[in-house]
Each structure stands twice: as C-alpha cells, then as structure tokens.
Number of protein chains: 2
Amino acid sequence: MSGPVQRRITIKEVAEAAGVGVATVSRVLSGGSASAETREKVLAAAARLDYRPSALGRNLRRQRTGGIGLLVPDITDSFYARLTDGVLSCARSYGEPVTVGVTGDDPEREAELIGTLIEQSMDRLISVPSGDGEMWAPALRAGLNVVFADRRVRADVPSVVPDDRAGVLTAVEYLAGLGHRKIAYLGRHGQSQRVAAFTAAIASLGLPADRDLVVHARSSRDSAYAAAAGLLQHRPDVTAVIAGGNVLGEAAVLAARELDVRIPRDVSLIMFDDVPWAELCSPPLTVIAQPAQDIGYRAAELVLRQGRRPPTVTLPTKLVVRASCGPKVSLPRR
Amino acid sequence: MSGPVQRRITIKEVAEAAGVGVATVSRVLSGGSASAETREKVLAAAARLDYRPSALGRNLRRQRTGGIGLLVPDITDSFYARLTDGVLSCARSYGEPVTVGVTGDDPEREAELIGTLIEQSMDRLISVPSGDGEMWAPALRAGLNVVFADRRVRADVPSVVPDDRAGVLTAVEYLAGLGHRKIAYLGRHGQSQRVAAFTAAIASLGLPADRDLVVHARSSRDSAYAAAAGLLQHRPDVTAVIAGGNVLGEAAVLAARELDVRIPRDVSLIMFDDVPWAELCSPPLTVIAQPAQDIGYRAAELVLRQGRRPPTVTLPTKLVVRASCGPKVSLPRR
DNA sequence: AACCATGGTGGAATCGTTTCCATGAGTGGT
DNA sequence: ACCACTCATGGAAACGATTCCACCATGGTT
C-alpha cells in the first residue's frame, strides 16, 4: 500500500521534547495549573509533534469511557434513523463518539449488545428498549448510565418519549369526528403505551370496544405487511386504521392497494410519524408527526449531562392533515 | 436511583478464585494451551463471577482496537441507512462494535471525526468519503485501515461501489429508447464517477452534449429541492431527468408537482436507488436499484478480514421499470 | 533569623490486560 | 541413572494515560 506507518507518539515523547515531566504535560493539556512559560513550551511541543492523547490510556486510568452507546430496533426505519441523527448531532458537539447497535426488537440480541458495550467499558447508553424493564436490572447494577428513548419501560430510568397519549387521542378524535366508529390500531411489538392510550381513547369517546381491533406486527417489513393485509381482509367492518409507525403505514397502503380497497374511500388511514414520502404517496397521508430527531437529541443531552435527571420528558406530536382520511361511508365495504 | 453499583471484576480476582495465576486465566480465555483440569477451574470461576474482560486493558496492551468506525454523509438518507445496516450486520457476527459518525458531506467535519476516531485508537474505518483523496494521506500514514464505500477517491484504498457506469448507461439507454434526447442529470456533491459515466453515456449514444445538463446539489433536502426546481424551471427543453439519489428524486417529484409539470407526461424521471416508497409514489417511480446493504456488508468484510484486499469490488445495479417514464412528447413543454 | 504557606514540578503508582521468560515437573531415550 | 525435551504455569514487564505525593524554591509573616 503506502509508505511506512509512523508509530503513535505518546505523552512521554512530548514531555521529552518540551523538557518537562509527563505529569506536567498531562496537567497542561487537561487545564491544570502550570506556569505560563511551561504551558507555552508544552503546547508548542504537542502541536509540533501533532500529539493526540490516547483515549485508551485515559479511559483505563479514569475507569470510565467517554463514548456513548445507542441501541435502536432498526436503523433502516426512518424514525430511528432520525432519532439516531439527533443523538449523533448532540454527541458531536461534545466530541463524544457514538457506538450504534441494531437490536431488531429482539431482547436477546439487545442483551448481547449491552454485553459488548459493557466490555468496552461504555458507561453511557441510550436505548429504545425491546424487552420489558426487568432485563435492565443487571446493566443498571453494573453502573451503566441508561436513558430510554421512544419507549418507557422502567420508572427509575430517565426517558424521552413522544406524547403517545395525546397523539393517539388526537388521531382517534379526528377519525371519530369524520363519523368513524370501527377504528383499528395496527401496532408494532413493544408499543404497550400507545395501545393503552388507544383503548382509553376509544372508551372515552364512547366507541365500541373490541380487543381484536388492535393488531400487532413484529419489526420486519414482511410481518408488517402480513398484519396489515390480515386486518384489511378479515375485518371488512373497520372503516379507519391508525398505523403505529411509518413501516406499518407503508405496509397498510401496499396491502390496501393489493386487496383493492381504496384509501380514503373504503378505509381512512392515519399514520404515526411524518416522513418525507408521506406527501408523495397516493393519496398523500394524514399523519401524526413525531419529533424523532429531538427525541434523540434530548436523550443524548440527558445521558451526557450527569446532573439532576428528570424522570421523563415528553415531547409533543402534531396532526398533519393530508388526504388519506374521509368521512365514513354509509355502507360497510365489500 | 437503584442499589449500590458493583465494581467491575478483573482477571486478578478470577485468578484468585480459581487458584491460578493471571497469566493462566488469560491463556485459557483466549484459547491458549492449558491442562484440562485448570481450564475447567478457570472457566468455572469466570462463569461464577460473570467475568468480562475489559476491552480497554486488552486494547491498550495489544496496541489495536477491535471496533470499526463508520463515516456516512447522512444517516437520515435511506441509502446510507441501509449501507449502515449492512455494516452493522456484518460487524455483529464478528462481535465488533461500530462507531458511527455523520459527515454531512463536509470534508472538514470528516477530518474532525477521523481525529476523534484516531484518539480512540480505532484502526479500522469504513467511509463514504466527502473530500478528495488527498486528505486521506495522514490517516493512512497513521496506519489506519481504511475501506471506501459508495465512492472511490483513491486507487490505493480498497473500495466497494455500485456499478455506476452500467447503472447510468442503462438509465440513459432506456430513456433514449423512449425517444428522449435532452436528458439531465441531477446529482449530488461528490458523484464525479457518476457524472463522468453520464457524459460518456450521452456521448456514446450520439445525444447532444451540454454541460448545463448536469446540476449539482449539496446534501441537504433544501438544496436538493432548489436544484430540482431550478432545473425544471430554467430548462423547459429537457424531457427526462435522472436523479442521482433518493433525496434528489424526492425533491424532483416535489418540485415537479409544485411547478405543475406532470410526470411522466411532461418529463420522465428515473431515480437512483430503490426505496420502499418509490412504489407508493404517484406515479410509481422507475428506479436504478442499488445494493446499499450489500455495499455496507462487503465493506465491513473487507475491513475485518485483514488478508489480501482486492482494490475495488463493484456491485451490480438493476433497472426497475415502474411508471415515471414515458415516450418523449412531440412538442417541448410550456 | 526562623518558620510556614504557596504553588510549580517530576517521579512513581495505578488502571486491566497480554505476553515474555524462567521455573519446575514429568516423560522417553540412551 | 542421567540427559534432553516438552509442557503447564506464574511472576513481572509492558501499553499510555492520570494523579497522588514528595520536593523545592519563593516570599511573606512572626
């Protein structure tokens, strides 16, 4: 390949070049006290040699690692990509590296990734938790500094979540206002908060309760499609569906098209999470916008600023009306 | 918060618990030779104490870090998200952590991120390079093990790229076959390979060459929209455009809609990169599909397997015909 | 003049691991 | 019975930083 690799230069060499001891170099570089003269010499030598302190050495001694870990179910999902972007954006301003892992919503894989992170002596972790709260006990006992994003599965861990309750309520109210009574929720594994909010909203508006009106999919696109198609096929009486995420919404549109049910004439659709293509879709999708990037950013702030950590911060959602919802048809479809 | 944090247990404690020396523990755990009996004792003690070797200690001693760094222009872009997913997927099977950074296609930010990575003693890096090849000289001299993905800016660095030349040629031929002669390329900063392929394809088919027919945008959505709108507005004579990425394609559809130019009646559109919503779009978009995930996976393989590294691996693209291209209209629009 | 406080400075210990090297035990061959 | 050889084993030296602590010079106070 190219020329000879040059060995990394250490604090010792800087000390030698500056004619001082290693302790002094360390002190100067980390803002400790030193005379103006020595400071000058050290800084000059460090700059001349292009010295970069080894994070390995520092972290080993300090017994803590700077970086932060991030665990998301699926980086391919626009929502989590934006969340990740928020985390990276905040971390960059602190100069902290971020190690990302994909859990696929599988608690086992999540546990495995947490193990890897602990091995790296990462002590700060942001996670969109896949399993229930209990599996986090060992990690917390190990001194890991955890913040949950998007989902909240333990009360004793700071969390940054969208306002699911308000979002769902807004969606249901909007649909009910259009005359819909049989409204289905097409959800993703691990959205217990939102499902609870959904059934509560249904109840509060006096709509008929029906356990079968909430359908769950695993986190793959195939599973989402199967769930959507199943719902549309087996329940011709539902006239409106709320999709709990952008891949669910995508699946719903695809399935509807395949089964020749028209949106919004036959069924109305509201999708959680506003994505760029929602406007491009035919028809343009009415959505509940979620501040994905903000969620990530705030979570990163929380995990980086060690100080007093509020238990939960809830970020607002917003209904964006486009063209995928219409008034209820007088006759059930099919 | 919760109970008392338990200190991390070290190899020393395992040695003590097993009644052997630290050297023996290390040897057993890394597959060295040891008697069956001691091996048994050590393994038992390690399991009982739930011992996890500290990556910090190991890496410091070994003078190399396991993890791999990944630099992408924009994690929010589906293409790079899928590429990232490929890298993560491969890295996971090796148990290697991946540190991700977002460059925003800004060479300065890229250099800064490389600096952070070097500080962490990362010695393996996958990058979608933003700048030209020269800025990589210091990193290479520092012994960094670099693989380029998606773009190839140095011949002496292994690269995994889509087959831009074939992809562009396929697109141009398809468009020319429909009768189009004024074809524009809407590109992104840093796609010199593809632009060259475009002008070559135009020339080889005997179409009129025109430097103004390639338009560049920076990597933001706003910039992409401005470029697309500008092209559509100022050049009513172009009847087909090739968008060099999914955010460019999205911008083109949006701009066309805003300016009331119909796809495909007024202009035909081919988009690089197949994304789930391309099918949902109105009209469904004809695309050149790129194996984004594979690119990431292969790049990770290359950077993890130190052995003989082929200079460049090129992955095929594929034309997926949908409904965004039509025959050339006889009269120029407007 | 003796003493103490102050503040800059460098040597050495430390973090947790791997790996070199010396030691000792056991074995087979002459 | 002795030698040569293998093999398992543990002590100790790295790796590169931070930080404790002892040291010294200076200057101000009693």
Side-chain angles (χ1 to χ4, degrees), chain A residues 5-43 45-46 49-67 95 116-123 142-143, chain B residues 5-43 45-46 49-67 116 118-123 142-143:
Chain A
V5 300
Q6 56 196 21
R7 217 176 34 74
R8 189 196 185 97
I9 61 157
T10 72
I11 199 175
K12 208 168 172 180
E13 301 170 76
V14 176
E16 214 163 298
V20 300
V22 288
T24 304
V25 175
S26 173
R27 235 171 290 135
V28 168
L29 260 35
S30 46
S33 70
S35 76
E37 190 192 2
T38 21
R39 171 173 318 245
E40 190 65 27
K41 278 193 299 184
V42 170
L43 257 28
L49 298 179
D50 189 30
Y51 168 67
R52 277 174 194 287
S54 154
L56 250 45
R58 175 183 8 248
N59 293 335
L60 180 56
R61 172 63 221 235
R62 289 256 204 78
Q63 292 291 73
R64 66 189 173 82
T65 295
T116 308
L117 258 23
I118 289 186
E119 245 173 53
Q120 309 291 321
S121 301
M122 291 252 162
D123 55 355
Chain B
V5 301
Q6 57 197 21
R7 217 175 33 73
R8 189 193 185 101
I9 62 157
T10 73
I11 198 175
K12 208 168 172 180
E13 301 170 75
V14 177
E16 214 163 298
V20 301
V22 288
T24 304
V25 176
S26 172
R27 235 171 290 138
V28 168
L29 261 34
S30 46
S33 69
S35 75
E37 188 192 3
T38 20
R39 174 174 318 249
E40 191 64 29
K41 278 193 300 183
V42 169
L43 256 28
L49 298 179
D50 188 31
Y51 169 67
R52 279 174 192 287
S54 154
L56 251 44
R58 173 183 7 248
N59 293 334
L60 179 57
R61 170 64 221 232
R62 288 246 200 89
Q63 291 293 68
R64 67 188 173 80
T65 295
T116 308
I118 290 186
E119 247 173 52
Q120 309 290 322
S121 299
M122 291 252 162
D123 56 355

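Each chain gets a letter, A, B and so on, in the order its sequence line appears, and its residues count up from 1. Heavy atoms only: backbone and side chains are in, while hydrogens, waters and symmetry mates are out.
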Notebook entry, point to check: Do A:T65 side-chain atoms and A:Q120 backbone N/O form a donor-acceptor pair below 3.5 Å?
Noted result: yes
Check: So, the side chain of A:S26 versus the backbone of A:V22: is there a donor-acceptor pair under 3.5 Å, distance only?
Finding: no
Margin query: Walk along nucleotides 14-26 of chain D from 5' to 3' and tag each nucleotide B, S or - by protein heavy-atom contact under 4.0 Å, base first, then sugar-phosphate.
Written below: BBBBBB-------
Is there a side-chain contact between [X] and [Y] (heavy atoms, below 4.5 Å)?
X	Y	answer
B:R52	A:I118	yes
B:R58	B:P53	yes
B:I9	B:D50	no

Check: For the pair made of CD in B:E40 and C1' in D:dA8, what is the distance, rounded to whole Å?
Finding: 17 Å
Margin query: Tell me the interatomic distance from B:E16, atom CD, to D:dG10, atom C1', rounded to whole angstroms.
Written below: 14 Å
Note to self: Please confirm whether the shortest side-chain N or O distance from A:S35 to OP1 or OP2 of C:dT9 is below 4.0 Å.
What the structure shows: yes
